[in-house]
Amino acid sequence: MVSPPFENNLIYALDADRSDELASFRDRFTFPTRKGNDCVYLCGNSLGLMPKNVVNMFQQSIQDWSQYAVDGHFKAHNAWLNFHNFLRDTSAEMVGAKSEEVILMNTLSVNIHLMMASFYRPTGKRTKIIMEAGAFPTDRFAVMSQIQWHGLNPHEHLIELEPRAGEFNLRTEDILQAIQDAGEELALVFFSGIQYYSGQLFEMERITQAGHAVGALVGFDLAHAVGNVQVHLHNWDADFAVWCNYKYMNGGPGIVGGAYVHERFAYRPDIPRLAGWFGNKMETRFLSNVDFDPMKGAEGWMLSEVPILTSAALLASLDIFVEAGFENLCRKRESLTNYLEFLILELNDPSIQIISPPEARGAQLSLYFHWDGKAVYDKLISKNIYVDYRDPNVIRVAPAPLYNSYHDAFRFVQTLKECLA
Ligand SMILES: *Cc1c(COP(=O)(O)O)cnc(C)c1O
């Protein structure tokens, strides 16, 4: 893995790929083409590429279904009844949790609601929620609708934190201060792990401590963090978290999401929740006249069976993470993203500002354009570069260490240079 001083030339980029122990994982994925042209794919923050072994996994699932029908719950290659458990250990490792604290279920937005049903319970003065301003739309909609659903006005009870004037990122000290200021009115801190627009990695541990210090609960949306950076939910003492598995996790569009509940809650059957049969203990799951008796651990928040056929893709993808080793991936991610940053800075173009903080980010670099970023984006697309654009004026570029190369970074910046000319 290369480290600074980097060099801005093709030979160097190709050499860096040759000395990369993870380079062969690129062949495990399929890359999209446009009109028969090969492309540079730097959109893993939005939708990860398809692992080739997904095809075998799907074939197995389909064969199990056709061969066993209802008996597949017990007889399938990976028995359906507890299929979610095959996904659980590796998922738990990815977010730094104990296995029992993690469950794969539903999708991210649904899981925000389920977690908030249990962990946002405004009472007396303690009604407010803090989140970052400009949060991902679904998070904001979910949070505002939850406040409303409790009969409160979201504009009064939601505190949205803006960066200081002229800055793109929130300072940790300002977040901690806002939490302290909200004090005993604060019911919940709900933050993203990595901000989807700026790429800022928040200091989740300190945010958690600050929330707990004023008696609030603290939850995180790890959509852009999982499979990207090291997360230690349990040790950081976070109360709950949710994520999706189709971004850096490469589980495929619409794939089942994840949720984490800290063990201090996970073993508490008295915690109110919106329940379903898969969250009930096996012994009484099929009885019609019993009270809900939750499974131990995060599993007690499950509603239904996971979508078996598509979840096979996530299993395929998790296998690759295990094989590559997440620590190795994080080392490459740092090296590759630093290289990309170096190349962009070499352009020496004052109209481009990298707003993702160098000391607190994952794979994604958000390039803020001080003029028409959308025009640059359109040109990049026409030259077979996959990146994405977010209003206002940001092109997001995310080299995923599992399948992106130093050559990809080099090609991207060469093309960007042509687009700027
Ligand atoms: C991608 C993303 C989502 C998507 O939610 P789904 O329910 O999976 O569609 C939500 N929140 C954040 C922060 C995201 O980055």
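First listed ligand is number 1; within each ligand, the first listed atom is number 1. The figures here come from the full heavy-atom set of this structure, side chains too, leaving out hydrogens, waters and symmetry mates. Numbering of residues begins at 1 and proceeds along the displayed sequence.
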Might you work through the side chain to side chain donor-acceptor pair (under 3.5 Å) test for Arg34 and Asn37, ending with a clear yes or no? CA-CA 5 Å; Arg34 279 188 178 140; Asn37 296 307; over 6 Å; no
Note: Tyr197 and Ser366 closest approach over all heavy atoms is O-OG, 2.6 Å
Strictly by ring-ring contact (aromatic ring centres under 6.0 Å, His included), give each pair with a member in residues 201-226 just once, sequence neighbours left out. Phe191-Phe202
Minimum heavy-atom separation for Gly134 to Gln195, with atom names? O-NE2, 2.9 Å
Does a side chain donor of either Gln177 or Asp181 reach within less than 3.5 Å of an acceptor in the other side chain? yes
Less than 3.5 Å apart, any donor N or O on the side chain of Gln60 or Asn56 sitting next to an acceptor on the other? no
Are there any N/O pairs under 3.5 Å between ligand 1 and the protein, and if so, what are their distances?
residue: ligand 1; atom: 7 (O); partner: Ser109; partner atom: N; Å: 2.8
residue: ligand 1; atom: 7 (O); partner: Ser109; partner atom: OG; Å: 2.6
residue: ligand 1; atom: 8 (O); partner: Tyr246; partner atom: OH; Å: 2.6
residue: ligand 1; atom: 9 (O); partner: Tyr246; partner atom: OH; Å: 3.4
residue: ligand 1; atom: 11 (N); partner: Asp139; partner atom: OD1; Å: 2.6
residue: ligand 1; atom: 11 (N); partner: Asp221; partner atom: OD2; Å: 3.2
residue: ligand 1; atom: 15 (O); partner: His224; partner atom: NE2; Å: 3.0
residue: ligand 1; atom: 15 (O); partner: Lys247; partner atom: NZ; Å: 2.5

